[in-house]
Structure formats: structure tokens, C-alpha cells
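Throughout, a chain's letter reflects where its sequence line sits, starting with A, and its residues are numbered from 1. Keep in mind that the numbers below use all heavy atoms, side chains included, and drop hydrogens, waters and symmetry copies.
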Amino acid sequence: MNSTIAQLKICLAQALVATFGDDYANVDPILVPASNPKFGDYQANVAMSLTKKVGKPPRAIAEQLVQNLDVSDLCHPPTIAGPGFINLTLKPEYLQAELQAMQFDPRLGVAPVESPQRVIVDYPSPNIAKEMHVGHLRSAIIGDCIARILAFVGHDVQRISHVGDWGTPFGMLIAHLRLSYPEALTSTENLDLGDLSTFYRQAKQRFDADAEFREAARLSVVQLQAGDVETLRAWKIVCELSSRSYRATYDLMGILSFIERGESFYNPFLPEVVAELQQLGLLVEDSGAQCVFLEGFTNKDGKPLPLIVKKTDGGYNYATTDLAAIRYRVQVDRVQRVIYPVGSEQINHFIQIFQVGRRAGWITDEMEFVHTPFGLILGDDGQKLKTRSGDAVPLKELLDGAIAHARQDLEKRLQEEGRQESADFIDHVAQVVGISAVKYADLSQNRTSNYIFSYGKMLALQGNTAPYMIYAYVRVQGISRKGQIDFENLGADAKIVLQEETELVLAKHLLQLGEVLDLVTQDLLPNRLCQYLFELSQKFNQFYDRCPVLQAEEPDRTSRLMLCDLTARTLKLGLSLLGIPVLERM
RNA sequence: GGGCAUGUAGCUCAGUGGAUAGAGCAUCAGGUUCCGGUCCUGAGGGUCGGGGGUUCGAAUCCCUCCAUGCUCGCCA
């Protein structure tokens with residue numbers, strides 16, 4: 001089944017050819033959703049764009065086009081308005097048929113893509129030598145969401161976490177492990193996972209205060225890079241501890257599992273990468289470092305800016321590792337698209353490594369490497385979110401705070417309504433609502449801008465928030481409980497009849513999920529999906545306000561039950577693509 | 001100084017060439033309290049940072065200026 005917009009485009013293309021000839025077969029009909037419901041559902045703006053080419057006033061062009069335009073299966077007769085807009089309004093019969101087909105489709109009318117791509121989403125890729133904090137939140141949430149959506153529409157998606165598991169910061173941790181937990185080197189049982197953040201802090205504190213310790217840390221880095229067996233074992237212990245601790249937080253957040261392929265994985269390839277750049281004539285030695293000079297970048301003195309791939313001391317840095325990853329993904333993984341959800345402060349870094357990857361011939365025109373930058377999380381004061389002491393807020397603390405706020409809201413409500421619920425119910429609802437609110441608040445804004453983190457706003461029961469949408473879902477389940485409705489078995493003769501305005505508006509919106517997902521797979525902006533789901537909830541609430549369901553006479557009753565069910569299923573699917581579960585009661 | 005972002009209603013933000021620029025919150029005024037009102041309807045509120053340009057048409061594209069943020073050779 002083609003989406004409505006695709007079908008209409010075909011009709012318009014045919015009309016263009018019939019009216020103006022074969023030269024017009026590939027003219028974009030500029031078909032977009034109507035800017036205002038009073039103009040209908042879709043509008044084609046092609047007439048205005050053709051005035052010069054055709055040499056007639058746009059209104060005349062529109063009239064000619066409409067004469068050759070056959071959309072009678074989908075729409076009422078097209079109308080022309082203003083300077084030459086062609087307005088299209090979908091017929092109820094068409095909507096009813098489409099919705100009925102949707103009723104029996106687990107994909108809710110969203111067809112899988114025709115040519116699936118192999119895609120890598122590179123996330124959440126934290127540096128595990130540091131405690132997990134706010135800075136790790138967005139990549140996890142956004143990356144997980146993008147991966148879920150691409151997989152759902154049919155792409156072959158690999159989630160790969162390019163964890164920072166190598167380099168200077170590990171010297172500090174290894175040295176601390178050796179001095180404070182020597183027994184850990186023989187058995188991992190002794191080191192409690194809960195101590196991980198304390199462990200990090202102690203190491204850092206010691207590093208800042210103790211010159212002797214700094215020297216031990218530096219030495220550990222040298223030993224690590226030299227492949228010293230005992231040092232490698234210590235390194236591995238630290239990595240495993242981090243990995244397990246990180247996983248616990250990701251589980252709490254509902255982040256799906258991913259492959260950990262960190263910086264250390266690429267160590268064996270780094271010399272080849274540099275050698276290949278050398279062979280290609282891209283490498284220049286400057287002040288003892290091996291560099292690729294970048295096109296379009298200058299330093300403060302106006303001289304060309306280098307990307308250093310081998311340091312004066314012979315070591316490699318993160319640019320080298322990222323280049324090795326690009327090369328590996330092209331040559332071994334054979335990807336067509338790689339997506340990096342990473343903060344916008346690294347925008348230059350990605351432009352630079354992509355440029356070098358392209359000049360080295362690894363990245364070709366047949367593939368797409370794309371950085372999807374995101375902005376900062378700010379506090380109430382509009383400044384970067386920090387604890388009172390000025391440190392980054394630990395992620396666990398942030399999430400627990402959201403759950404605690406959700407619990408308070410819930411308990412207050414239960415008391416006001418005189419409801420009794422079990423401790424398990426309260427725990428579960430508080431966790432789902434709290435975590436969902438954090439994720440939704442993040443995803444519902446344009447990725448590229450900063451946003452202010454506020455428990456009050458994200459947990460608000462009204463407005464564009466997770467609780468509002470989950471509540472819309474709960475309302476439908478309420479109907480099902482009250483009326484003892486089994487949505488799976490409404491009967492073979494169940495039909496949708498659209499009469500009320502709110503029913504038509506809701507029906508049209510339900511059919512647009514595919515169009516929205518199509519947009520999101522292109523521009524990778526999850527807030528478009530959030531916007532869609534929010535509008536769906538609003539339109540459902542308007543319908544719910546206006547149209548009784550259980551008390552309605554047949555055939556309206558069954559028809560409305562079907563609309564309720566389709567809304568709930570669309571919300572559930574849409575939210576799941578954001579990484580957010582639903583609740584039956586809240 | 002260079003590069004890149006961002007600047008839209010009191011606040012938080014949608015809107016990357018189409019008609020009278022939208023939503024949520026807040027404010028004010030109504031409705032409903034019946035399938036869970038955690039709802040619905042309406043009102044007020046905008047020189048889309050300023051200026052210039054391209055276009056039949058610009059918040060959107062180009063130039064310029066202003067403000068804020070990030071970033072600019074061996075950290076990631």
C-alpha cells in the first residue's frame with residue numbers, strides 16, 4: 001500500500017505529463033500538507049513554480065492541471081484558490097477503507113522501505129574513564145531512538161558504542177586500582193560495583209593532589225601502550241567494571257543493547273591508517289607530529305590547520321582512532337550510512353575526519369557519514385547543568401530525581417482521589433513516568449538546540465509531555481475495561497463510519513504515521529515524531545470530549561471503538577520508537 | 001581574529017521557499033465533571049535580532065551587522 005502522499009504525487013505527475021508533455025514528467029508537484037485545515041488536507045503548489053517555464057499565469061496553469069487530474073478515488077474534486085494553489089480534500093470513504101486495512105496490520109500501514117540500507121548508529125560512546133553524568137544522557141536517548149526508527153522502517157541497523165576505553169585517563173585509574181585494590185588484580189569479586197563512582201572520584205582526587213601518584217599514572221599509560229600483561233589485566237578490570245555499571249544505568253533508561261567496539265579495538269589498525277595516509281601523499285610532518293592539513297580550516301594565525309594523526313611522542317590520538325573506525329566500517333562492515341549522535345561541540349571534529357576520510361578515498365559518494373549534533377542540557381539559570389560544587393551531575397542522580405518526582409506526584413494524586421494502589425504499582429508507574437518524562441523532554445525539542453532541564457515541566461500532566469501522552473493511552477484502556485471490550489475481536493463486520501468532524505480529523509492524523517517516519521529517517525529529527533504523537537493525543541482528546549463511545553448507538557459504537565484502538569496502538573508504537581513504554585493504568 | 005551553531009509570543013519551543021507565522025505553559029473568560037477533567041472551547045499577546053538582496057512568494061535562500069554559545073595543533 002502506497003502512502004496517501006505517494007499516491008497523490010503519482011496522480012499529479014500524470015496530470016503534468018497529460019497537460020504539458022513528457023518534459024514535465026519529473027517536475028516536483030510541490031505537494032505538501034495543507035497549511036490550514038480550511039484549505040483541505042493537501043495542497044499542490046506546482047502551478048506558481050511553472051509560470052516562467054509554461055509562460056502563463058499560475059491560475060490558468062492550475063486550471064489546466066486540474067482538468068487532467070484524476071484523484072477521484074481519494075479526494076473530493078480539487079479546488080483552486082489564491083494565486084494558484086490546488087487544494088485536495090480526502091474523501092471519508094477513502095479514509096474509512098484505509099483505516100480498516102490498518103486495523104489488521106501490525107505495522108499500522110507503515111510499509112517497510114524498498115531498499116534497506118546497512119546502517120551503523122554510533123552511540124552512546126561514552127568515555128568510560130569518567131563517571132556517567134548528564135553529558136552522557138542525550139547521545140543514549142537520541143541514538144537509541146534513531147536506531148529504533150531506522151530498524152522499524154526496515155533498515156539493517158547495527159548499534160555500535162565507540163567507547164573511550166583507551167588513552168591517558170586510564171593511567172590514573174589503573175594506578176589507583178593497583179594501589180588501593182591490589183586484591184582486585186587476582187579476583188574481580190572483591191570490588192563492589194556500587195563503588196565505581198567513588199573509585200573514579202578517589203582516583204581523580206589523588207591525581208590532582210599527589211605528584212608521585214601522577215607519575216605512577218603516567219607510567220601506567222606507557223606500560224599499557226607497551227602491552228605490559230599485568231597492566232593490561234588491570235585495564236581490563238576497570239573496563240569491565242565500567243561496562244557493567246554503565247549497562248545497569250542503560251537498562252534503567254530502557255536503552256537497547258549495543259555492541260561495544262571501543263577505541264582499543266582499533267589499536268592494531270592505527271599504524272596502517274597512518275601508513276596509508278602517507279602513501280596517498282596526505283601526510284605532512286610538522287613540529288615532529290604527523291598531520292593532514294585540512295582544507296577550509298585555519299588556526300589563529302591564519303595558517304592551515306592540521307589534523308594530527310600521530311603525535312610527536314609517537315602516540316596516536318582520537319582523530320586517528322576515528323579515522324580507523326571510518327575505514328573499518330567501510331571496508332569490513334560495508335556500511336551505507338553511519339550516524340553519529342554526538343554533541344555539537346564536536347562539530348568541527350566530524351567535519352575534519354569526514355574530510356580526511358573522503359580525501360583518503362574511504363568515504364565515497366555511495367555512502368553517507370553524518371554527524372547528528374545536539375545541544376547542551378542547561379539548568380534553570382540557563383547555564384550548563386552542574387551540581388552545587390560545580391561538577392557535572394551524575395546521570396543516576398538525575399534519573400533517580402525524575403523517578404522520585406514522579407512518585408511524589410502520583411502519591412499526592414492517590415491521596416486526593418482516595419485511591420489505594422499496591423507498592424509494586426506505585427514503583428512501576430513512578431519509574432516509567434519518571435524515565436519517560438526525561439526521555440521525552442529530550443526528544444521533543446529540536447536536537448540541535450540547547451534545552452533547560454526541569455522536572456516540573458517534563459513531568460507536567462498537561463502540555464507536550466510524556467505523561468500527557470501516556471494518559472491518552474490509559475484513557476483508551478479505561479474504555480476497554482469499563483465496557484469489557486476485546487479490541488482484538490470486534491467482529492468481522494466491524495466498520496468505520498466517519499461523521500463527526502473530530503472523527504474525521506483524528507482519522508486523517510492516524511494515517512500520517514508513515515509520512516512522519518519517512519521524514520524522520522531522512523532528517524533524523526525525533527522531535528517530528530514527538531510532535532505527531534502530541535497532536536494525535538490532542539486530536540484523540542477532542543474526539544473523546546465530543547463523541548461518546550460506549551453509550552453510542554451502533555454502528556457508531558463499534559466504529560468509535562476501532563478509532564480508539566487504532567489511536568492506542570499508534571501511540572504505543574510511536575512511543576516505543578522513542579524508547580518509551582506505555583501503561584495500562586497510572 | 002577564523003570556523004560553526006543559535007536568536008520566532010511574558011516563558012519553553014515548533015515551523016529550512018507557499019495562503020492570515022503555530023503549539024504548550026502562564027494570564028483571562030467559558031464548558032464539562034458522562035467512557036479515569038491529567039480534558040475541551042475561546043480571548044489577549046509577535047518589527048520572526050537589525051539592515052540590504054534574490055524570488056510571483058522569505059522566519060526559511062544570499063550578503064552584512066549585532067548578541068549569545070561552542071570551537072580553533074599534539075585531551076576525547
Side-chain angles (χ1 to χ4, degrees), chain A residues 30 32 34-36 38-39 43 45 48-49 51-52 57-58 81-85 87 125-127 129-130 164 166-169 263 286-291 293 296-303 305-313 315-319 321-322 343-349 351 373 375-376 382 384 409 413 417 419 441 444-446 448-452 454 456-457 460-465 467-468 470-472 474-483 485 502 523 527-528 530-531 534-535 538 541-552 560-561 564 585-586:
Chain A
I30 317 184
V32 293
S35 57
N36 186 318
K38 75 178 179 196
F39 300 131
Q43 60 184 63
N45 303 330
M48 280 82 78
S49 73
T51 41
K52 281 212 174 129
F85 297 104
N87 290 333
S125 311
N127 189 316
K130 293 169 193 161
W166 199 254
T168 330
E263 294 177 334
D286 193 276
S287 315
Q290 301 295 320
C291 315
F293 280 93
F297 285 89
T298 53
N299 65 15
K300 281 178 191 162
D301 306 325
K303 293 179 185 157
L305 189 73
L307 184 74
I308 292 171
V309 295
K310 192 170 183 184
K311 301 188 287 181
T312 307
D313 67 6
Y316 303 98
N317 57 21
Y318 75 118
T321 312
D322 281 350
S344 52
E345 64 273 15
Q346 296 208 40
I347 218 163
N348 281 332
H349 171 67
I351 295 172
L376 297 170
K384 205 167 169 172
D409 290 351
R413 235 174 46 237
E417 295 170 16
R419 272 168 68 188
S444 60
Q445 311 226 9
N446 187 314
T448 51
S449 48
N450 299 343
Y451 75 93
I452 292 175
S454 155
K457 285 199 173 151
L461 301 166
Q462 54 275 99
N464 189 5
T465 65
Y468 176 84
I470 295 175
Y471 179 66
V474 166
R475 274 189 142 174
V476 176
Q477 304 319 308
I479 291 177
S480 142
R481 277 191 300 275
K482 174 101 179 190
I485 306 296
T502 52
D523 59 24
N527 63 299
R528 291 185 190 278
C530 295
Q531 189 65 31
F534 176 55
E535 285 171 9
Q538 280 185 315
N541 277 326
Q542 285 157 10
F543 156 78
Y544 183 95
D545 190 53
R546 186 70 202 273
C547 301
V549 178
L550 291 174
Q551 291 105 317
R560 286 175 184 171
L561 282 170
C564 287
R585 297 194 304 122
M586 65 192 288

Tell me whether the OP1 or OP2 atom of U41(B) has a side-chain N or O from R546(A) closer than 4.0 Å. no

Consider the side chain of R481(A), meaning its heavy atoms from C-beta on, and name the nucleotide among G73(B), C4(B), G36(B) that approaches it most closely. G36(B)

L461(A) side chain, from C-beta outward: closest of U12(B), A19(B), U38(B): U38(B)

From C25(B), G15(B), C35(B), pick the nucleotide closest to the side chain of Q462(A)? C25(B)

For the residue pair K384(A) and N450(A), establish whether any side-chain heavy-atom pair is separated by less than 4.5 Å. no

Go through C75(B), G36(B), A14(B) for me and flag the one nearest to the N527(A) side chain. A14(B)

Looking only at C56(B), A14(B), U38(B), the nucleotide nearest the Q445(A) side chain is A14(B)

Of the listed G36(B), A19(B), G73(B), the closest approach to the R419(A) side chain comes from G36(B)

Check whether the aromatic ring of F297(A) stacks on the base of G2(B), taking stacking as ring centres less than 5.5 Å apart and planes within 30° of each other. no

Between C35(B), U12(B), C74(B), which nucleotide has the shortest distance from any of its atoms to the side chain of A289(A)? C74(B)

Can you check whether F534(A) stacks with the G24(B) base, using ring centres under 5.5 Å and planes within 30°? no

Please assess W166(A) against T321(A) for the test side-chain contact (heavy atoms from CB on, under 4.5 Å), listing each intermediate value before the final yes or no. CA-CA 10 Å; W166(A) 199 254; T321(A) 312; over 6 Å; no

Residue pair N541(A) / Y468(A), side-chain heavy-atom distance below 4.5 Å: yes

Just to confirm, is there a sub-4.0 Å distance from OP1 or OP2 of C56(B) to any side-chain nitrogen or oxygen of K52(A)? yes

